[in-house]
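Comments concern the structure below.
Chain letters run A, B, ... following the sequence lines, proteins first, then strands; residues in each count from 1.
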Amino acid sequence: MSQARPAKGTRDFAAADVLRRRYVVGVLQSVFERYGFAPLETPSFENLDTLMGKYGEEGDRLIFKILRSGDFMKSVADLQQPKASELADKALRYDLTVPFARYVAQHAGQLAMPFRRYQIQPVWRADNPQKGRFREFYQCDADVVGSRSLWQEVELVAMYHQAFAALGLHVVVRVNHRGLLAGIAEVAGIGDRLVDFTLALDKLDKVGVDGVRAEWRERGFTDVQCAALEPALHSSGDLQATLAQMRRWLSTSEQGMKAVDELQWLIERAGRSGDLALDITLARGLNYYTGCIFEVQATEVAMGSVGGGGRYDNLTGIFGVPGLSGVGISFGLDRIVLCLEELNRVPSLASGPQVLVVQFSNAEADYAYLVASDLRAAGVRTVLYPEPAKIKKQFDHAERIGASWVALTGSMEQAADSVQLKNLATGAQHSVRRSDLAHFDWNQGA
RNA sequence: GUGAUUGUAGCUCAGCUGGUUAGAGCGCCGGAUUGUGGUUCCGGAGGUCGCGGGUUCGAACCCCGUCAUUCACCCCA
């Protein structure tokens, strides 16, 4: 069998794939730029300690680490159990947010705040691949730092809605607030166990009410504590009713009430641009979120989330620049493309050359090349068949590479300083003078 | 890291309860056809049956291991 294959969780992109992906990227890019975000690119790998500890325990495990260069083994103290830092000091980026935070911390003095940037680059995770999950995939991020205003959240949600509307993909943006989850934990008396509480709660739609209860017990919560958390399992589907319920429940928690206020304010404004759902079970594993959190779900396809994001109040603090609040969203390019493909909703995208110039004989090759040059000068995508093969074979090749025209350039045409252009779809053939090539209508018969 | 699934020609797949020399379609190469493709016809090349071991007179088929794939869990885009 073919042992020639790309590494686990990676893919090659053939011409049609590349065009599809470019199309989606183009849509996202235009939305980003319309909202005044400027592009940024960062290196594919960072110093290991820049990335470690930012994504939670599970995240750290999934970071692709890069072996140190040179004879690093000689400086390992215990060869039986070398420390990770002795073997690796660099790692492939795991997302775009942390490298961005590193960049902001580094240039905090020079950046005009609030600073908004977008970034479209691959990231790598040492995960086991499955449907819609890869070890190399593209994230398309838009973040703004240096503003605590909730208007940023409003605009980011509007960008989600606009981008997915432009792509023709129906989605619902689920929103929640870390402060709300912290408030729940606080009133239930488990404020110090926020992660255990939320990770289990996040699975509500998958494992059901009983499943979450069971996991809470597994994670060491007492019956009393579980009972106190119970209302989190029964939020009503209605947005306003849920907010009112939370307002009553969390009245003794300052952070909880603040979160409810913020969610209400945001939903009133961001809910106008498209589907927005309040989902108090939404947790998101990334450790650094502190305020509103988002996750985008395609409603017509079974696929993991196609986007996610949220507010992080102190990400640059780790890099020595405290007090900068940021908020950002991410689009999962690969999953978006998968959704569009599955729904057959990718616009047809032209590829391949328009014209193949046939070669009759070695003696006529110079003229064929001359015509090919004319065509290219006229901006026409052109391929010159490289040898005088059988005409049938050259026509077949034209068909296969997606050319819509064949140019015949033999001694007869050369004598008339012209070229025979044959449309492969219609069979229609035109004799065109070389000097008229620039004005030829290549779309006729299309 | 856990569980399941699949692995036969370049691709998609047949291959019976284990039984000669492992098949088909598509694709590829050549010819019918040395200046006009798609159709048709003729001919041809191409397989360590993922890999290693075991059972058997005999294994693509049964058993064990291993690698790879896909899917699910975990987590996420």
Next on the checklist: Give the residues of residues 383-392 of chain A touching RNA chain B, defined as any heavy atom closer than 4.0 Å, sorted by residue number.
Outcome noted: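 Under 4.0 Å from RNA chain B: A/Lys390, A/Ile391, A/Lys392.
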Checklist entry - Near RNA chain B, under 4.0 Å by heavy atom, which residues of residues 294-306 of chain A? => result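 Residues of residues 294-306 of chain A that come under 4.0 Å of RNA chain B are, in numerical order, A/Ser305, A/Val306.
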Checklist entry - So, does the side chain of A/Glu413 form a donor-acceptor pair with the base of B/G35 at under 3.5 Å? => result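 By the distance-only test, yes, there is a pair.
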Checklist entry - Atom CD of A/Gln394 and atom P of B/G38: how far apart are they, to the nearest Å? => result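 Value for this atom pair: 14 Å.
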Item to check | Length of the CD-P vector between A/Glu215 and B/C75, whole Å | outcome: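 Rounded to the whole Å, the gap is 7 Å.
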Next on the checklist: Suppose we screen for ring pair (Phe, Tyr, Trp, His ring centres under 6.0 Å). Which residues come up paired with A/Tyr160, at least two apart in sequence or across chains?
Outcome noted: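 Here the qualifying residues are A/Phe331.
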When you measure from the side-chain N and O atoms of [X] to the phosphate of [N], is any distance below 4.0 Å, counting only OP1 and OP2?
X: A/Lys8; N: B/U69; result: yes
X: A/Gln130; N: B/A72; result: yes
X: A/Lys203; N: B/C73; result: no
X: A/Arg11; N: B/U70; result: no

Item to check | Watson-Crick and G-U pairing of RNA chain B written in dot-bracket, each distance under 3.5 angstrom, with | for inter-strand partners | outcome: ((((.((..((((.....[...)))).(((((.......))))).....(((((..]....))))))).))))....
Item to check | Integer angstrom distance from the C1' of B/C73 to that of B/U5 | outcome: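 It works out to 15 Å between them.
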Next on the checklist: Could you work out, with side chain to side chain contact (heavy atoms under 4.5 Å, CB included) as the rule, every residue matching A/Asp396, not counting sequence neighbours?
Outcome noted: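 A/Lys392.
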Next on the checklist: Between A/Glu300 and A/Arg345 (salt bridge meaning N to carboxylate O under 4.0 Å), is one present in this structure?
Outcome noted: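 Yes, charged N to carboxylate O under 4.0 Å.
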Next on the checklist: Looking at A/Asp143 and A/Arg117, is any side-chain nitrogen of the basic one under 4.0 Å from a carboxylate oxygen of the acidic one?
Outcome noted: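 The answer is yes: the pair qualifies as a salt bridge.
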Item to check | Plane angle bin for A/Phe440 and A/His430 - parallel if under 30°, tilted between 30 and 60°, otherwise perpendicular | outcome: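 The rings of A/His430 and A/Phe440 stand perpendicular, inter-plane angle above 60°.
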Checklist entry - Between A/Phe37 and A/Phe32, what is the ring plane arrangement, given parallel below 30°, perpendicular above 60°, and tilted in between? => result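 Aromatic pair A/Phe37/A/Phe32 classed tilted.
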Checklist entry - B/A77 base stacked by A/Phe137? Criteria: ring centres under 5.5 Å, plane angle under 30°. => result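 The ring of A/Phe137 is stacked on B/A77.
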Checklist entry - Is the backbone of A/Phe13 close enough, under 3.5 Å, to the side chain of A/Arg21 for a donor and an acceptor to pair up by distance? => result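 The answer is no, because no donor-acceptor pair under 3.5 Å joins these two groups.
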Next on the checklist: By nearest atom, which of the nucleotides B/G30, B/C76, B/G35 is closest to the A/Met412 side chain?
Outcome noted: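 Given the options B/G30, B/C76, B/G35, the side chain of A/Met412 is closest to B/G35.
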Next on the checklist: Applying ring-ring contact (aromatic ring centres under 6.0 Å, His included) as the test, list every pair that has at least one member in residues 354-386 of chain A; sequence neighbours left out.
Outcome noted: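 Those involving residues 354-386 of chain A are A/Tyr385-A/His397.
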